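Since this is a predicted model, take the numbers as computed values, not measurements. Lettering follows sequence order; numbering is per chain, from 1.
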Number of protein chains: 2
Amino acid sequence: MNIGEVAERSGIPPKTIRYYEDIGLVRPQRSGNGYRAFRETDLHKLAFLGRARALGFSIEDCRNLLSLYEDETRESAQVKTIAEEHLSAIDDKIAQLQEMRETLSHLVEACHGDHRPDCPILKDLSGALAGCKPTTGRSAD
Amino acid sequence: MNIGEVAERSGIPPKTIRYYEDIGLVRPQRSGNGYRAFRETDLHKLAFLGRARALGFSIEDCRNLLSLYEDETRESAQVKTIAEEHLSAIDDKIAQLQEMRETLSHLVEACHGDHRPDCPILKDLSGALAGCKPTTGRSAD
DNA sequence: CCTTGAGCTTCCAGTGACTGGAAGCCCTAT
DNA sequence: ATAGGGCTTCCAGTCACTGGAAGCTCAAGG
């Protein structure tokens, strides 16, 4: 198989497949013309990588998962550990994003978003207290 | 003010402040000895940047927010638009992470995580149906 | 005056995981 | 013979920093 076909079947772009070879994740053979010659196992590995990446595993995690996958003497605990750590990293990220979301959505709601320059979002970013409504005036609808 | 004091007061590391100058976000003056000489307004800007970055705005967003902040003729709608787009990007990211989290947590639960090699996580990544009982089905080699 | 050490300067390189583009070879069809 | 598409390599850029090296400046202590 040439790289184009593998790319199509694995869903991973040719550029990325070459990159994966560069960093040693796959080692396709070469045809006489210098083209990469992929076997079914290479395709299989790439599909594995694609799914692992889609779950957000880092390349280094993928490398480890792949070697565990190929190691018949692995202990599932090793795999589980990697997955659990990743899961907890995802949880952290979600929590962080939700905190941002919380703050930001309040600010967006508070901003009337019209032609006037007055803006609670900027006020908050500039360090003023945004939540305190000054007695100055009523916001529009 | 030298960079060290500004770093401390703004919470932004010196390296980052220099980087922000590089990309034109702040333009401190220079003392005779070549040291950066920050004014209060520079400090103010850096604090603004720190808060905007903490809300996840990209550097380009920050640049735009900063120029709106300094533009007395701005319309709050412009600010709101930037914030809304960012908010929606955050929502997308949260959704994506939650989907990963969902899949991954099921897999982690399903994996007994002991000394045996059998592992539903790897099985899933390799493309097999994770819920299926073993059927020996080896793919082509 | 000299030394020491902290703080400042610049520039270069690396991070993660690709992605775009240029220059050029290979293969097939017409 | 030529045209096109696919393949090759290598270089550079992305994003937002961060680390480190080499070297200058400044204030304090001996």
- Query: Is there side-chain contact between B:R39 and B:M1, with at least one heavy-atom pair below 4.5 Å?
  - Reply: no

- Check whether any side-chain N or O of B:T16 sits under 3.5 Å from a backbone N or O of B:I12 as a donor-acceptor pair, and report yes or no. no

- Query: Passes side-chain contact (heavy atoms from CB on, under 4.5 Å), A:N2 versus A:V6? Steps please.
  - Reply: CA-CA 7 Å; A:N2 282 348; A:V6 178; over 6 Å; no

- Roughly how far, to the nearest 0.5 Å, is the CD1 atom of B:I82 from the CD1 atom of A:I121? 9.0 Å

- Item | Contact list for DNA chain D against residues 28-35 of chain B - heavy-atom distance below 4.0 Å | B:N33, B:Y35

- What pairs meet the side-chain hydrogen bond (donor to acceptor under 3.5 Å, both in side chains) rule with one or both residues in residues 85-94 of chain B, with sequence neighbours excluded? A:R101-B:D91

- Would you say A:S10 and A:I17 make side-chain contact, with heavy atoms under 4.5 Å? yes

- Note on the structure: ring-ring contact (aromatic ring centres under 6.0 Å, His included) filter on B:Y20, not counting sequence neighbours, yields none

- Query: For DNA chain C, what residues of residues 84-98 of chain B have any heavy atom nearer than 4.0 Å?
  - Reply: none

- Heavy atoms only: give me the nearest B:C111-B:C119 pair and the separation to one decimal. SG-SG, 3.9 Å

Under 3.5 Å, side-chain donor or acceptor atoms of residues 61-68 of chain A against the rest of the protein: list the pairs with distances, not counting sequence neighbours.
from	atom 1	to	atom 2	distance (Å)
A:R63	NE	A:E60	OE1	3.2
A:R63	NE	A:E60	OE2	3.2
A:R63	NH1	A:I23	O	2.9
A:R63	NH2	A:I23	O	3.1
A:R63	NH2	A:E60	OE2	3.3
A:N64	ND2	A:E60	O	3.2
A:S67	OG	A:N64	O	3.2

- Inter-end axis angle, the helix from C:dC1-D:dG30 to C:dT30-D:dA1, with every axis fitted to five base pairs (rounded, 10 degrees): 40°

- Task: Please report the C-alpha distance between A:E21 and A:R36 in whole Å, then the side-chain angles of each, then the deciding distance to 0.1 Å, and finally whether the salt bridge (charged side-chain N to carboxylate O under 4.0 Å, His left out) criterion is met.
- Result: CA-CA 10 Å; A:E21 183 187 9; A:R36 286 169 184 80; 2.4 Å; yes

- Message: Within residues 7-19 of chain B, which residues have any heavy atom lying less than 4.0 Å from an atom of DNA chain D?
- Response: B:P13, B:K15, B:T16, B:Y19

- Query: Roughly how far, to the nearest 0.5 Å, is the NZ atom of B:K45 from the CD atom of B:E70?
  - Reply: 4.0 Å

- Could you list where the contact with chain A starts and ends along DNA chain C, reading 5' to 3', using a 4.0 Å heavy-atom cut-off? C:dA17 to C:dC27

- When rounded to whole Å, the CE to P distance for the pair A:M1 and D:dC7 reads 13 Å

- Query: Heavy atom of residues 53-66 of chain B under 4.0 Å from DNA chain D: which residues?
  - Reply: B:R53, B:S58, B:I59

- Task: Give, for atom CG of B:L97 and atom CD1 of B:I90, the distance between the pair rounded to the nearest 0.5 Å.
- Result: 11.5 Å

- Determine which pairs satisfy side-chain hydrogen bond (donor to acceptor under 3.5 Å, both in side chains) with at least one residue from residues 102-112 of chain B, sequence neighbours left out, and list them in order. A:S76-B:H112, B:E102-B:H106, B:H112-B:D114

- Message: Any heavy-atom pair between the side chains of A:F57 and B:L104 that's under 4.5 Å?
- Response: yes

- A:R27 and A:D42: CA distance, side-chain angles, deciding distance, salt bridge (charged side-chain N to carboxylate O under 4.0 Å, His left out) verdict: CA-CA 8 Å; A:R27 306 185 188 281; A:D42 295 318; over 6 Å; no

- Message: Which residues pass the salt bridge (charged side-chain N to carboxylate O under 4.0 Å, His left out) test with B:R9, not counting sequence neighbours?
- Response: B:E5, B:E40

- Query: What residues, two or more places apart in sequence or in another chain, satisfy ring-ring contact (aromatic ring centres under 6.0 Å, His included) together with B:Y35?
  - Reply: none

- d(CG, B:L49; P, D:dA16) in whole Å: 12 Å

- Message: Under 4.0 Å, heavy atoms only, any strand: does A:I23 hit a base, just the sugar-phosphate, or nothing?
- Response: nothing

- Task: Please answer whether the main-chain N or O of A:Y69 pairs with a side-chain N or O of A:R74 as donor and acceptor at a distance below 3.5 Å.
- Result: yes

